[in-house]
Amino acid sequence: MSETVTTAPPPAPPPRERGLTRRTWTLIISFLVVAALGLLGGFARVPYVALGPGPTYDVLGKVKDSDVVSVEGQNTFPTSGTLRMTTVSLTDDVSLFGALGLWLSGRYALAPREEFFKPGESEEEVQRNNELAFSESQTSAEVAALHYLGYPGKVIANQVTKGSPAENVIPLGARIISVNGKQVQSSADVSAALENTKPGDRIEVAFEKDGTSKSTQITLGTREDGRPAGFIGISPVDRADVPFKIKISLSDVGGPSAGLIFALAIVDKLTPGELNGGKAIAGTGEITGDGTVKPIGGIAFKMVAAKEAGATAFLVPSANCTDAKQQAPEGLKLIKVENLKDAVSSLEALNKGESTPSC
């Protein structure tokens with residue numbers, strides 16, 4: 001008996017796995033490159049800082065319910081209008097993309113970080129130095145304003161150099177009365193009194209400390225700067241000598257450039273009438289105890305901030321005039337000042353509708 005046998009066809013081989021196409025690999029690699037660049041641009045820091053317009057403060061007004069400039073123990077006069085100090089904002093933590101965006105905005109500028117941070121200097125150290133400069137600007141403003149108003153001043157030994165002839169002889173903080181037989185009324189008088197001396201000369205220095213006056217002989221040393229005049233070893237600074245107290249209440253601000261505006265606020269509060277005539281005034285400028293106004297940085301950003309705050313006129317240190325004139329916002333009147341007297345006179349002229357010195 002025969003048997004029919006049916007033979008089944010052999011099973012089909014499993015399908016072959018296809019690899020990623022060249023196009024797919026290109027897309028993946030491109031995505032990874034873009035992602036890497038995005039991470040690099042978003043997180044990588046560049047050695048630049050961004051500078052731009054900073055906040056402004058009306059020194060005739062209040063901050064956190066406290067007068068920015070106040071006088072205790074002396075009659076003051078009403079003020080009006082605004083008198084704004086201006087600042088520059090500095091952004092240090094800048095990424096590659098962030099720097100590009102700030103630059104493209106046209107509102108900020110980039111500058112090498114090394115121009116603002118010394119090698120090895122921390123942000124905390126820079127902040128402390130700026131705060132110290134700001135504090136010194138307040139003192140200089142007070143001295144300049146009171147000197148302008150005719151109040152007496154005094155000269156203090158602010159520092160005594162270690163190993164100098166003055167060490168252990170003239171106490172730190174002593175009031176200097178006379179040097180080499182010449183009365184001292186300003187810090188410049190100390191240097192002037194030593195002009196015709198030489199190392200080894202013995203001179204007399206009179207000073208006062210804690211209500212006790214003393215006169216002593218000092219043998220002059222040699223100056224490190226090579227000048228032929230004799231060396232005492234004190235750093236004299238000007239201070240006000242008045243029975244009332246001036247207080248400036250403003251925090252989170254650094255640098256010396258608010259000195260002129262602070263001095264004007266003090267003058268305005270201690271004299272009758274409204275110095276700015278109720279107008280919106282802003283400005284900048286470092287000031288010395290004798291009222292000299294020194295140049296500052298970031299004038300372009302400060303003018304922008306002033307204009308945006310509503311100022312119609314801006315006080316410019318004479319040495320900044322060239323840059324200010326080229327970069328001033330439209331409609332902002334520039335007033336050139338060389339000293340505190342100039343600034344007061346210009347504001348009085350502006351109040352009367354008279355012409356003022358311009359950049």
Side-chain angles (χ1 to χ4, degrees), residues 59 69 83-88 129-130 132-156 158-159 176 183-195 225 227 234-242 246 248 253-271 275-276 281-299 302-303 313-325 334-350 356-359:
V59 298
V69 177
L83 183 60
R84 291 189 176 276
M85 57 165 282
T86 52
T87 67
V88 174
N129 291 335
N130 284 334
L132 177 60
F134 186 65
S135 177
E136 291 175 347
S137 76
Q138 297 176 33
T139 301
S140 296
E142 179 181 343
V143 172
L146 295 178
H147 176 74
Y148 170 80
L149 294 173
Y151 288 96
K154 58 185 176 181
V155 178
I156 300 298
N158 190 48
Q159 294 180 358
I176 308 302
Q183 293 296 308
V184 171
Q185 297 180 333
S186 71
S187 57
D189 292 339
V190 176
S191 296
L194 298 174
E195 282 184 357
D225 59 10
R227 290 173 55 190
I234 62 171
S235 296
V237 294
D238 296 299
R239 293 288 185 265
D241 188 21
V242 293
I246 296 173
I248 297 176
V253 180
S257 63
L260 169 63
I261 301 302
F262 285 144
L264 286 170
I266 295 170
V267 171
D268 199 3
K269 294 203 169 194
L270 290 176
T271 54
L275 189 58
N276 63 357
I281 308 297
T284 187
E286 183 179 352
I287 201 166
T288 62
D290 65 0
T292 301
V293 177
K294 300 172 66 175
I296 51 77
I299 188 73
K302 293 181 177 182
M303 292 188 297
F314 192 91
L315 300 170
V316 182
S318 59
N320 288 119
C321 258
T322 300
D323 290 338
K325 187 176 181 179
L334 303 184
I335 300 176
K336 179 174 70 174
V337 296
E338 295 192 11
N339 51 57
L340 179 58
K341 183 179 179 180
D342 285 348
V344 173
S345 299
S346 292
L347 289 182
E348 291 175 341
L350 188 67
T356 58
S358 180
C359 290

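Residue numbers run from 1 in the order of the sequence given.
- Residue Thr288 holds its OG1 atom at 8.5 Å from CG of Asp238, rounded to the nearest 0.5 Å.
- Of all non-hydrogen atoms in Phe134 and Ala258, the two that sit nearest each other are CE1-CB, 4.2 Å.
- Taking OG of Ser140 as the reference point, atom NZ of Lys294 lies at 9.0 Å (rounded to 0.5 Å).
- The line from CD1 of Ile156 to CG of Asp241 is 8.5 Å long, rounded to the nearest 0.5 Å.
- Judged by distance alone, with hydrogens and angles left aside, the side-chain atoms of Ser135 form no donor-acceptor pair with the main-chain N or O of Leu132 at under 3.5 Å.
- Between Leu264 and Leu340, some side-chain heavy-atom pair lies under the 4.5 Å cut-off.
- Taking 4.5 Å as the limit, every side-chain heavy atom of Ile261 sits out of range of all side-chain heavy atoms of Arg84.
- Contact detail for Ala263 and Ile287: the closest heavy-atom pair is CB-CD1, 4.0 Å.
- Closest approach of Ala343 to Leu260, counting heavy atoms only: CB-CD1, 3.9 Å.
- Contact of the Ile296 side chain with the Lys302 side chain is registered, since non-hydrogen atoms from C-beta on lie closer than 4.5 Å.
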| request: Quick one: do Leu146 and Leu270 satisfy side-chain contact (heavy atoms from CB on, under 4.5 Å)? Show the steps, please. | output: CA-CA 9 Å; Leu146 295 178; Leu270 290 176; 3.8 Å; yes
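- Closest approach of Val267 and Ala145 over heavy atoms only: CG2-CB, 3.9 Å.
- Lys269 contributes a side-chain N or O that, together with a main-chain N or O of Val69, makes up a donor-acceptor pair within less than 3.5 Å.
- Considering only heavy atoms from C-beta on, Val59 stays 4.5 Å or farther from Ile248 through its side chain.
- Between Ile299 atom CD1 and Asp323 atom CG the span is 8.5 Å, to the nearest 0.5 Å.
- Residues Ala141 and Gly259 approach most closely at CB-O, 3.4 Å, considering heavy atoms.
- Contact of the Met303 side chain with the Leu334 side chain is registered, since non-hydrogen atoms from C-beta on lie closer than 4.5 Å.
- Remark: Leu275 CG to Glu348 CD distance equals 6.0 Å, nearest 0.5 Å.
- Scanning all heavy atoms of the two residues, the minimum distance from Gln138 to Phe262 falls at CG-CE1, 4.0 Å.
- For Tyr148, there are no ring-ring contact (aromatic ring centres under 6.0 Å, His included) partners at least two apart in sequence or on another chain.
- Ile335 CD1 to Ser318 OG: the interatomic distance, rounded to the nearest 0.5 Å, is 14.0 Å.
- In this structure, Leu347 and Asp268 have side chains that are not in contact, with every pair of non-hydrogen atoms separated by 4.5 Å or more.
- Although no hydrogens or angles enter the test, the distance criterion places no donor-acceptor pair under 3.5 Å between the side chain of Ser257 and the main chain of Gly285.
- Asn320 places none of its side-chain heavy atoms less than 4.5 Å from the side chain of Thr284.
- When atom types are taken as modelled, the side chain of Asp189 and the backbone of Gln185 share a donor-acceptor pair closer than 3.5 angstrom.
- By the 4.5 Å heavy-atom criterion applied to side chains, Pro236 and Ile176 are not counted as neighbours.
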